[in-house]
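Throughout, residue positions are numbered sequentially from 1 according to the sequence presented. All values below were derived from every heavy atom in this structure, side-chain atoms included, with hydrogens, water molecules and symmetry-related copies excluded.
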Amino acid sequence: VFFQTPSRWKQRLVRWMVWGATAHVVFSRRQVALFAGYFRFPETRVFFIPYKANYSKTPPPGLPPGDYVFAGGNSARDYRTFFEAAAGTGIPCVVSVTAPQVLAGLTPPSNVRVVAAREPEFGRLMAGSRFVVMTLVGGRIRGNGEQTICNAMWQERPIVVADDLSAADYVLEGETGWVLAPGDTAGVRARMLELWRDPARCATMGRRAHAHVAQHFTFELFVRRMRNLALLLGREGALEG
């Protein structure tokens, strides 16, 4: 639910729609309490259903690890942290941003190339990388980046994430990637260097990442979970009626 808006009448409209729903789905465990607290209703109305890798509709490309690191997306991205982490490492990086305001006031370091790729080019850039990095702003109520995490891992790419809301529900720490605190420039830099300098470990983590998504976060599993929730609510409604 895109409920955070500066418009007061839109805020009222969103609250009216949310309050009228029987149940609410969020994409991380931590969001359950945050969502319920924001809208002031019981947590029992909020359900955590893991998000999915949209790329899982087709097999992963199976490309060998590339010669660059990929970062991309617009929503809640913190590219200042990424640029500072990447600067001086000598690691070639590609960043895809289609909303210029996300990079306002920022200057990419010399080893970072900025593009504006949309699908299917976005997915190809991700699949052609050695690993993926995603740095998000902290203190949010709504989750962001769950799809990027799942898509990267489906394509056999480990991921380094700076996030305090959703990533921990998707990334196996030290096995498929790492989750760091938002703004942890030194931590992001250290993990980037660690993966870049150890291609064998990077590839192993990428294979584990794909297996993890295949077991827990495919598009098919997401649809099944949503359907099961709908059937459960429908059954309870029928019983109450």
Q. Honestly curious: do Ile149 and Phe27 fall in one hydrophobic cluster under the side-chain, below-4.5 Å linking rule?
A. yes
Q. Short question: side chain of Asp169, backbone of Arg29 - any donor-acceptor pair under 3.5 Å?
A. yes
Q: Give a yes or no on whether Arg80 atom CZ has more than 12 heavy-atom contacts from other residues, nucleotides or ligands under 6.0 Å away.
A: no
Q. Can Val94 be reached from Val97 by stepping across I, L, V, M, F, W or Y side chains whose heavy atoms are under 4.5 Å apart?
A. no
(Q) Could you check whether Phe70 and Phe122 have their ring centres less than 6.0 Å apart? (A) yes
Q. Can you check side-chain contact (heavy atoms from CB on, under 4.5 Å) on Leu195 and Met205, steps first, answer last?
A. CA-CA 9 Å; Leu195 278 178; Met205 291 178 70; 3.7 Å; yes
Q) Which pair of heavy atoms, one from Asn111 and one from Gly90, lies closest together, and at what distance? A) ND2-N, 4.2 Å
Q) Mind checking whether Gln155 and Pro61 have side chains closer than 4.5 Å, heavy atoms only? A) yes
Q: Identify which one of Tyr38, Phe41, Phe39, Trp19 satisfies the ring pair (Phe, Tyr, Trp, His ring centres under 6.0 Å) criterion when paired with His24.
A: Phe41
Q: Give, for atom CG of Leu34 and atom CD1 of Ile141, the distance between the pair rounded to the nearest 0.5 Å.
A: 6.5 Å
(Q) For Trp154 versus Ala53, what's the shortest heavy-atom pair and its separation? (A) CB-CB, 3.9 Å
(Q) Assigning hydrophobic clusters by single linkage (Ile, Leu, Val, Met, Phe, Trp, Tyr; side-chain heavy-atom cutoff under 4.5 Å), is Val188 placed with Leu106? (A) yes
Q. Say you draw a straight line from CZ of Arg191 to CG of Leu193; how long is it, rounded to the nearest 0.5 Å?
A. 11.5 Å
Q. Within the distance-only criterion (no hydrogens, no angle test), does the side chain of Thr135 pair as donor or acceptor with the backbone N or O of Ala162 below 3.5 angstrom?
A. no
Q. Would you call Glu194 and Asp198 a side-chain contact if the rule is heavy atoms closer than 4.5 Å?
A. no
Q: Quick one: pull up OG in Ser96 and CD in Glu119 and give me the separation to the nearest 0.5 Å.
A: 9.0 Å
Q: Taking the six-membered ring for Trp and the single ring otherwise, decide whether the centroids of Phe222 and Tyr51 are under 6.0 Å apart.
A: yes
Q) When clusters are formed by joining ILVMFWY residues with side-chain heavy atoms under 4.5 Å apart, either directly or through shared neighbours, do Val171 and Val26 land in the same one? A) yes
(Q) Using modelled atom types and a 3.5 Å cut-off, is there a donor and acceptor pairing between side-chain atoms of Asn74 and backbone atoms of Thr98? (A) yes
Q. Is the backbone N or O of Pro92 less than 3.5 Å from a side-chain atom of Asp67, with the two atoms forming a donor-acceptor pair by type?
A. no
Q) More than 12 non-hydrogen atoms from neighbouring residues, nucleotides or ligands closer than 6.0 Å to CE on Met226, yes or no? A) no
(Q) Hydrophobic clusters here meaning ILVMFWY residues chained together by side-chain heavy-atom distances under 4.5 Å, can you tell me if Leu13 and Phe35 are in one? (A) yes
Q: Considering non-hydrogen atoms only, spot the tightest contact between Gly143 and Ser166 and give its length.
A: CA-OG, 3.8 Å
(Q) Just verifying a value: how many Å separate Ser28 OG and Leu165 CG, rounded to the nearest 0.5 Å? (A) 4.5 Å
(Q) Within this structure, what is the NZ-CD distance for the pair Lys52 and Glu146, rounded to the nearest 0.5 Å? (A) 10.0 Å
Q) If you take all heavy atoms of Arg157 and Arg130, which pair is closest and at what distance? A) CD-O, 3.5 Å
Q: Quick one: sort the Phe217 and Tyr170 rings into parallel, tilted or perpendicular, breaks at 30° and 60°.
A: tilted
Q) Tell me, do Tyr55 and Pro60 make a side-chain contact under 4.5 Å, heavy atoms counted? A) no
Q: Report the C-alpha separation of Arg77 and Met134 in whole Å, then their side-chain angles, then the decisive distance to 0.1 Å, and conclude whether the side-chain contact (heavy atoms from CB on, under 4.5 Å) test is met.
A: CA-CA 8 Å; Arg77 296 312 197 262; Met134 185 174 67; 3.7 Å; yes
Q | Heavy-atom donor-acceptor pair, Thr204 side chain to Ala200 backbone, under 3.5 Å | A | yes
Q: Taking all non-hydrogen atoms of both residues into account, name the closest pair between Phe83 and Thr107 and its distance.
A: CD1-O, 4.0 Å
Q: Begin with the C-alpha distance, continue with both residues' side-chain angles, and end with the deciding distance and a verdict on side-chain contact (heavy atoms from CB on, under 4.5 Å) for Met192 and Arg189.
A: CA-CA 5 Å; Met192 288 177 64; Arg189 177 196 297 265; 5.7 Å; no
Q) What heavy-atom pair brings Ser75 and Leu136 nearest, and what distance separates the two atoms? A) O-CD2, 4.0 Å
Q | Spacing of CD belonging to Glu156 relative to OG1 belonging to Thr176, to within rounding of 0.5 Å | A | 13.0 Å
Q.
Pair Leu229, Arg225 - check side-chain contact (heavy atoms from CB on, under 4.5 Å), show working.
A. CA-CA 6 Å; Leu229 176 59; Arg225 288 162 177 154; over 6 Å; no
Q.
Between Asp163 and Arg140, does any NZ, NE, NH1 or NH2 come within less than 4.0 Å of an OD or OE carboxylate oxygen?
A. yes
Q | Ser129 side chain reached by Val69 side chain, heavy atoms, under 4.5 Å | A | no
